[in-house]
Amino acid sequence: MIHLVVFNTGEVSNSSEAHPDTGTDEPGNSWSVNITLNGEPIQKALTLTSPVEPAEERECLWYLEHYTNSPFHADRAEKCVQILDRYAISLYSQLRLDKILLNQGNTASNPGTADKNPQTLLLEVVETTDKPIDQPIHRLYWELLIRLPTSPLFQPSLFEPSPTSAVGKVIITRSFSSDSLAVNRLPIRNSGIALKPAIGTERQIFNVLLVVARDLDPNKPEADPTIGLEPLLAIQKELQKRESGCLLSVEVVRPGTFTAFNKHLKAATQEHGKGYYHLVHFDVHGVVKMRAEGADKGSKVPTAGLLFASKTFGRAMDFVPTKKIVTLLHEHGIELVVLNACESANPRSGDSANLAKALLDEGVYNVVAMQCKVMSGAAMLFSSRFYQKFLQERLPFSEAVSEAQMWLSEHTQRSAKYGLEVSLQDWIVPVVYVKDKDAQIIDHSSLNPKTPPTPPDLLSWPQSLSKPSQKDGIPELIGRGRDCLALERDLIESGLVFLHGVGGVGKSALLQHLTSIWKATQFTKRVLYVDFASSPTVNHCRFIERVRSQIDPGSVTRLQKFRNWISTHRDDDKYSQADITEFVNELHERSTILVLDSLDLPLSFLPSGFRSGSLSTEQRERLISLISRIVDYVPTGSQKKPLIILTSRHEKWFWQRYFPNISGRYFHLKEPDGPSAQSIAYQVLHRVGVDTAAWAVKETNTLHHILSHLNRNPLALELFLPYYKDLGSLDEALDTLFNGRFDYYWFKASTSKLSRPGGDRIFRDIDELVKSARYELRMSLRCLFFFWLEGPSSVGFLGAIHKEGLHKNSIEEEADTLGTYWKVLYDLGICDMPSPGTVAIRPLHPVFTLYLRCWGEEYNIGEDRVTDLQLLNVFRFSFDETIMSLTIQQAKGELDFEAYCQIMKRSMPNAMTCMKIYSIGPLPIEQWPRDSMIAFLDASRISFHDDVPEQRRLMASVDTLLNAYVNFYGGSQKALKPEDLAFALHLSNHLGTIYLFELDVGVSRAEEQIELSLSLIRASESKYHAMTLPQDMYRKMLTFRLKATASLLRKKFEEADKYWKLQTEIEVAVLGSGPGDTANNALFANVRNMDTPTNDPEINGMRQVVRDAFLGVLPEMAKMRQASWKVLIEYFRKHSVNDRENIPIQQIAPLIANFGQATSGLSRQFKRVVNVTEDVGFTLPIVGHAGWLVNQLDEAADQGNSKTLFKSHISLYEEALKARNFTDAEMHLKALTQQMEVLDQIPEEVRSQIKATQMIFNLYKNMDPEAQEQIRNFSSQLATEFSSPERHAEAQKMMAQLLPAFANLLQNDK
């Protein structure tokens, strides 16, 4: 080994000379260092200068910490890579490593004097501790020397692993010392770690304590909480497979609070003695805060710390400063620490900001930490490689870190924003600090030569680590890390958790995954899991047997002796009360987690013929009594109360029904979020052989629609997506899912192939129920054929069935029967209880609808067949009644507006089906569900604001419906009667509003829609007469308002003013002169009888809502619009629309958006809108134009808004060209090329320009520098021309010359 020590003597000077590359005159840093080689001094007082200027150093820090969040700044990142290359070369040259290593190489190549193999270079960077230093030498990126760049001018062949090279491996360590001469400083010795045998075996064991803390707020983005856990568990499994060698014990602090960490360490020290844990791994967030320190509370210094879980449920994370952490570790003899935490070794802000240094000062010998922020993907890769080398292959601590750093340098692809990947040279972020000794696991027992180390597949992590073996039968968990932490926290704090969630959401998969982790990490002494859905049916006796078989596996043989006895005797005779008391006591003898999964099965009121796993009334009561005794038992003496999880598909009321006197915390396992659901979908598709890697944006968008249609339910995804392979395309799959039928026997067979635990149960339960149901119920179920996610109201549904003659009994009789069957369906988990605040609307499970689409054609002998027309009629009448029922409840104040919008969002598939029915063929106009469709569309603006792909899909159906309505009832002249025109205008205005304010499809598309509205008004009023009802006139007014706004955006001021005056005339006529003007408020006058009180408080409340809207909210919004209009007119007259640099677009955006506020719906929500707007005013913080474009890009990506994404990329592409930044421009060009595939309204000339430019970029890469400079000048000029609409013609001519010019340049280049 070559041992090189670079010691900072503490002499620091600043240089104010301009840097030759940057030309800046910012002061740089230099240090006076002593250098020793193998203990001999070779250089004293060498001046070492910072390889880069401060501005360049800041750029490098941006690259390491923020590039993944700004992946389109590729040119900036490329420059940073060049800076880092120059940085590494400078360090190499200043240390004169070429001369030092050349001498070592000559010695190594001299036969008989040394080993011919390349040696390891141990470079120890030592910071002085005998004087304060503002700029420590540790701030330099020494780790760059691990992997040096190569170029024609710099070829460090001495670092190449060849027989003539001096160095084959480089290890960089950081340390502190007061020995400024560093003479005779020997290499840090490898120190064997004292291991003790594990209990029950002669094999020694290495103990790791893991601390994990994350923000549990689901609305905040968070890193994967398994970064540290998964690599450790993977190594643990590998070590267990061996016949000899050390074992690994992993314990996790739960919950991840500092208090729990303190208690965990104290308990271990009391039981095993100081230093029980060999290593503590912190998988938490690290931060540096300005905090007051010492006696002078007025002055603040940068202070490093870690963020632990909050001490109080639901509060912000708890910042714990360095001092408290290191004191605790020192108290319990911790010698090795791994810190995944960002900035945990920050050397740029003084000693108080460097947690790693503080740890070394308090007795920790080896520390791995991060010198700046680290990406979660890099942290996972680093941890996995480090633990493989340190624990599996037993390399010294610092060498294992070096191996992990090299691994990162060889695998640089990192996930970035917008679904992109970037190359990031972040192997320099993790650093190792060493004091006195370098830890190494010395295994005194001989390794079995037949079982060599088998390193896990590190490149496939984290997927490979979270995917258990086939023997485990546990599917991979995706996107549930935060749920795991939250469930653990609830379990610890309350002791009892009622876990609920719809069937197929992943409850059993989550619990089986957690139980395996809890066992592996010794959460408690025992982890007991009982699945009540397993066969045979689990009553209280079998429950006892299954628990005891886990407590004492040997008891299984004894249980076998009872089987014959059980088959001939009643179960309730098997255990006496004394036996049960003994069993309850046994559960409290040691710390235990008891998980009772699928309790809704044994507690079901359905007989076993309807639902497998259900118990008789007597058996059910015995089981409830036993569980209650376990929960209510009060431990005595050394007994410990078990932590218990009870699971079912049902919500709070279910638990209160069966366990009314037991209190616990309710945990709702929801559907996975969008990205996680997409990952699950990809996993399912890959399993059946579908290559999603070749998918374009179009397929991804279609998959998004399928996920929404199936409510992101993992079981529904696993059932349906394999069917896509037989259909041929995703579009066809979506269409089939929307209104098609499936093969019953294919689906039934596919349930046996499901990977999810118990995934076939809900399908099997539905099948058993349907086959054993009587005729009327089977008929009712058939009529639910078209409903997705949201079911119909009971009254409307039964009325529609009777109207079609499908039920023979009276509605009253069937209502009672159907009410009973709704309870049956709920018990099975097929439908949920009515949505909060409603009395009739029941969410339906997507698997239930999938089943109906399969079973609909299956009839018993003698059953009447239901025609498609009858199904359609039942559906459209039921849907109309359902929406109106919801709207009335909301208007009466019985239904929260947010819940109302959520129900409407889930009802979108039903609404689109209804639109399709009415678009196919003409029906009597009085049968059209106009009021319900208006109510749905009004709510949809809020419901789909955050889901642009679904909003766009809905708008396509509305457009089809509008055209059908006008063609059916307007004739060739497209003239509608006044009472019919109002509905058409509402549809058209809705489309115009969405196009203009929400979907960002461009003013042209919105203008087309507005012109259609105006043409309908002209044609209809010409043939008939003008609308006179105030509510109809209001829709006409909205058309004029939209026209005025569109004209303003086009800077057609006269036209804008004309239509604004027209809308104002109607506005005054309809709403009066302002809030409170009842005399001239035509809307209010039209319903003046609302002043008359009634005996019905609900009607009075509803009237008050309408009164508030007519007299307060709507006039108030009109007043705001008038004020806004004056500001907008003045603003647009002063500024050019294309003068984007000077228009503070964030200021006028709220003004423009105000015109798009929906004015129907009569909701309290609009009063809230008015109040909030008045509170905050119109002015928002202004950022630079480029920053605003990036913000717009972020928002569009979050919403899935392809149009805005396209426009943002165009703008950023133009700006990159103007700045002659071809690297960034090419990134945006690639994104534009992908987006073009799914957007159908891009002008052909724009498509041609993008394709031509793509070709140009491909040619550009192969040109010489002079030709590239010509192209940069040309493209920059072209971008400037295209940014001005008035000069498009000139720019087009330039484009026409573009390809010939390139051909000439290319020819000259050849």
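As the structure is a prediction and not an experimental result, all values here were calculated from the model. Start at 1 with the first residue, then count along the sequence.
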Non-neighbouring partners of [X] that pass salt bridge (charged side-chain N to carboxylate O under 4.0 Å, His left out), sequence neighbours left out:
X      : result
Asp85  : none
Lys389 : Glu393
Arg96  : none
Glu143 : Arg174

Check this for me, if you would: do Asp215 and Arg482 make a salt bridge, where the nitrogen-to-carboxylate-oxygen distance has to be below 4.0 angstrom?
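The answer is no: the pair does not qualify as a salt bridge.
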Any Lys/Arg nitrogen of Arg86 or Glu56 sitting under 4.0 Å from an Asp/Glu carboxylate oxygen of the other?
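Judged by the 4.0 Å cut-off on N to carboxylate O distance, Arg86 and Glu56 do form a salt bridge.
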Main-chain N/O of Ala439 paired with Asn366 side-chain donor or acceptor, under 3.5 Å
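Yes; judged by distance alone, with no hydrogens or angles, the pair exists.
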Using only atom types and a distance under 3.5 Å, with no angle test, would you say the side chain of Asn8 pairs donor to acceptor with the backbone of Glu127?
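No; judged by distance alone, with no hydrogens or angles, the pair does not exist.
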For [X], enumerate each residue passing the side-chain contact (heavy atoms from CB on, under 4.5 Å) test, keeping only those at least two apart in sequence or located in another chain.
X      : answer
Ser423 : Thr412, Gln413
Ser409 : Arg147, Met406, Trp427
Ala378 : Val374, Met375, Leu408, Arg414, Asp426
Val287 : Lys289, Leu307, Phe319

Set of residues satisfying side-chain hydrogen bond (donor to acceptor under 3.5 Å, both in side chains) with respect to Thr68, sequence neighbours excluded
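Result, side-chain hydrogen bond (donor to acceptor under 3.5 Å, both in side chains) vs Thr68: none returned.
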Partners of Gln82 by side-chain hydrogen bond (donor to acceptor under 3.5 Å, both in side chains), sequence neighbours excluded?
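Applying side-chain hydrogen bond (donor to acceptor under 3.5 Å, both in side chains) to Gln82 gives none.
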Within this structure, what is the [atom1]-[atom2] distance for the pair [X] and [Y], rounded to the nearest 0.5 Å?
X      : Y      : atom1 : atom2 : result
Ile137 : Leu48  : CD1   : CG    : 5.0 Å
Tyr433 : Ser344 : OH    : OG    : 9.5 Å
Ile441 : Gln392 : CD1   : CD    : 10.5 Å
His411 : Leu424 : NE2   : CG    : 15.0 Å
Thr692 : His686 : OG1   : NE2   : 2.5 Å
Ile171 : Leu123 : CD1   : CG    : 10.5 Å

Note, Ser676 side chain near Asp673 side chain (heavy atom, < 4.5 Å):
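Yes. Closest side-chain heavy atoms under 4.5 Å.
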Using the salt bridge (charged side-chain N to carboxylate O under 4.0 Å, His left out) rule, collect all pairs that involve residues 403-412, keeping only residues at least two apart or in two chains.
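Counting only pairs at least two positions apart or across chains, the salt bridge (charged side-chain N to carboxylate O under 4.0 Å, His left out) contacts touching residues 403-412 are Lys169-Glu403.
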Pair Ser679, Gln683 - check side chain to side chain donor-acceptor pair (under 3.5 Å), show working.
CA-CA 6 Å; Ser679 298; Gln683 185 188 65; over 6 Å; no
Among Trp142, Tyr92, Tyr141, ring-ring contact (aromatic ring centres under 6.0 Å, His included) partner for Tyr87
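It is Tyr141; the other options fail the test.
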Between [X] and [Y], is any side-chain donor less than 3.5 angstrom from a side-chain acceptor?
X      : Y      : answer
Asp224 : Ser376 : no
Ser175 : Glu124 : yes
His285 : Glu343 : no

Which of parallel (below 30°), tilted (30 to 60°) and perpendicular (above 60°) describes Tyr67 and Tyr63?
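Geometry flag for Tyr63 against Tyr67: parallel rings.
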Could you pull out all residues at least two apart from Tyr387 that satisfy ring-ring contact (aromatic ring centres under 6.0 Å, His included)?
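Applying ring-ring contact (aromatic ring centres under 6.0 Å, His included) to Tyr387 gives His281.
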How close do Val52 and Ile83 get, counting heavy atoms only, and between which atoms?
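For Val52 and Ile83, the tightest heavy-atom pair comes out as CG1-CG2, 3.5 Å.
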